[in-house]
Asker: 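Sharing a structure with you now.
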Amino acid sequence: MAKHAIGIDIGGTGIKAAVADVKSGKLLSDRLRVETPKGGKPKDVAQAVLELVKQLDNGQNLEVGICFPAVVQHGITKSAANISSEWIDLDAQSLFARKLRRHVHVINDADAAGVAEVKFGAAKKQRGLTIMTTLGTGIGTALLYDGTLVPNAELGHLEIDGVDYESKAAFSAKERENLSWQEWAKRLQKYYSRLEALLIPDLIIVGGGVSKQHEEFLPLLNLKTKIVPAMSRNSAGILGAAALAYKNRRD
Ligand code: BGC
């Protein structure tokens with residue numbers, strides 16, 4: 001039986017979606033992208049997701065996995081850092097299931113990316129503690145111990161110098177403040193040094209769109225822990241969400 005599922009990655013600025021082969025980790029369709037509806041409200045986001053699924057599904061009724069930039073506990077979205085506050089304490093899993101008329105699996109975006117790196121990428125067969133980080137609108141983090149996910153680590157919000165450090169070190173801060181790679185790397189140095197001092201990881205992975213340009217900033221960092229770019233770059237969320245949807249499917 002073909003192991004295909006749709007993965008959807010909802011972000012503060014865009015929603016990306018594709019059909020993935022959850023065995024090989026390859027995308028089987030184009031990667032579609034639409035802008036996140038203004039305000040990021042649940043009703044509008046669910047409608048945008050429905051339209052993407054219609055384009056990708058071709059009547060196959062594929063499993064759908066959705067990853068989301070918030071804490072997701074048993075299908076309930078519990079926070080909303082870069083998206084409408086209407087998501088807080090919302091049963092997102094039921095909302096999407098009703099809209100798409102099928103069972104869906106909803107998970108935090110960094111957790112989905114971490115799962116993808118364990119299955120297909122830089123954390124494959126990695127022992128001990130891996131910290132997956134995604135540098136985008138915010139900073140997403142996932143903890144993986146011997147390949148097992150410990151969900152909802154919200155370490156992008158570490159307080160450093162009295163501020164929520166995602167506001168300083170996310171890729172959006174580089175863009176907003178027009179920082180050079182060197183200036184941004186100084187902030188990343190502070191962030192990753194704190195992370196490694198607190199958690200003593202064996203491996204740190206850097207994902208998010210900007211990880212395509214890892215040669216510009218990873219060599220500027222000086223850490224005790226090995227730090228590598230994500231292998232599945234910008235598709236990690238899609239792949240992880242699809243893989244988890246398939247794994248948790250209801251036959
Ligand atoms: C959110 C996390 C999310 C990350 C990346 C943070 O602001 O709190 O839940 O994983 O952004 O989107």
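Please read these numbers as outputs of a predicted model, since none were measured by experiment. Atoms within a ligand are numbered from 1 in the order they appear, just like the ligands themselves.
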Asker: What distance do Lys41 atom NZ and Thr36 atom OG1 have between them, rounded to the nearest 0.5 Å?
Answerer: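 If I round to the nearest 0.5 Å, the distance is 14.0 Å.
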
Asker: Any protein N/O atoms within less than 3.5 Å of an N/O atom in ligand 1? List the atom names and distances, or say none.
Answerer:
{"unit_1": "ligand 1", "atom_1": "7 (O)", "unit_2": "His157", "atom_2": "NE2", "d": "3.4"}
{"unit_1": "ligand 1", "atom_1": "7 (O)", "unit_2": "Glu166", "atom_2": "OE1", "d": "2.8"}
{"unit_1": "ligand 1", "atom_1": "7 (O)", "unit_2": "Glu166", "atom_2": "OE2", "d": "3.0"}
{"unit_1": "ligand 1", "atom_1": "8 (O)", "unit_2": "Glu154", "atom_2": "OE1", "d": "2.5"}
{"unit_1": "ligand 1", "atom_1": "8 (O)", "unit_2": "His157", "atom_2": "NE2", "d": "2.6"}
{"unit_1": "ligand 1", "atom_1": "9 (O)", "unit_2": "Ala70", "atom_2": "N", "d": "3.4"}
{"unit_1": "ligand 1", "atom_1": "9 (O)", "unit_2": "Asn108", "atom_2": "ND2", "d": "3.0"}
{"unit_1": "ligand 1", "atom_1": "9 (O)", "unit_2": "Glu154", "atom_2": "OE1", "d": "3.4"}
{"unit_1": "ligand 1", "atom_1": "9 (O)", "unit_2": "Glu154", "atom_2": "OE2", "d": "2.6"}
{"unit_1": "ligand 1", "atom_1": "10 (O)", "unit_2": "Asn108", "atom_2": "ND2", "d": "3.1"}
{"unit_1": "ligand 1", "atom_1": "10 (O)", "unit_2": "Asp109", "atom_2": "OD1", "d": "2.5"}
{"unit_1": "ligand 1", "atom_1": "12 (O)", "unit_2": "Asp109", "atom_2": "OD2", "d": "2.6"}

Asker: Does the side chain of Pro201 reach to within under 4.5 Å of the side chain of Leu195, using non-hydrogen atoms?
Answerer: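 In short, these two side chains do not touch, never coming nearer than 4.5 Å.
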
Asker: Assigning hydrophobic clusters by single linkage (Ile, Leu, Val, Met, Phe, Trp, Tyr; side-chain heavy-atom cutoff under 4.5 Å), is Leu56 placed with Leu244?
Answerer: no

Asker: Under the salt bridge (charged side-chain N to carboxylate O under 4.0 Å, His left out) definition, can you give me all pairs with a residue in residues 185-206, not counting sequence neighbours?
Answerer: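 Every pair satisfying salt bridge (charged side-chain N to carboxylate O under 4.0 Å, His left out) with a residue in residues 185-206: Asp161-Lys190, Glu177-Arg187.
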
Asker: Go through the structure and list residues passing salt bridge (charged side-chain N to carboxylate O under 4.0 Å, His left out) with Lys16, not counting sequence neighbours.
Answerer: Asp9

Asker: Not counting sequence neighbours, which residues clear salt bridge (charged side-chain N to carboxylate O under 4.0 Å, His left out) with Arg98? List them please.
Answerer: none

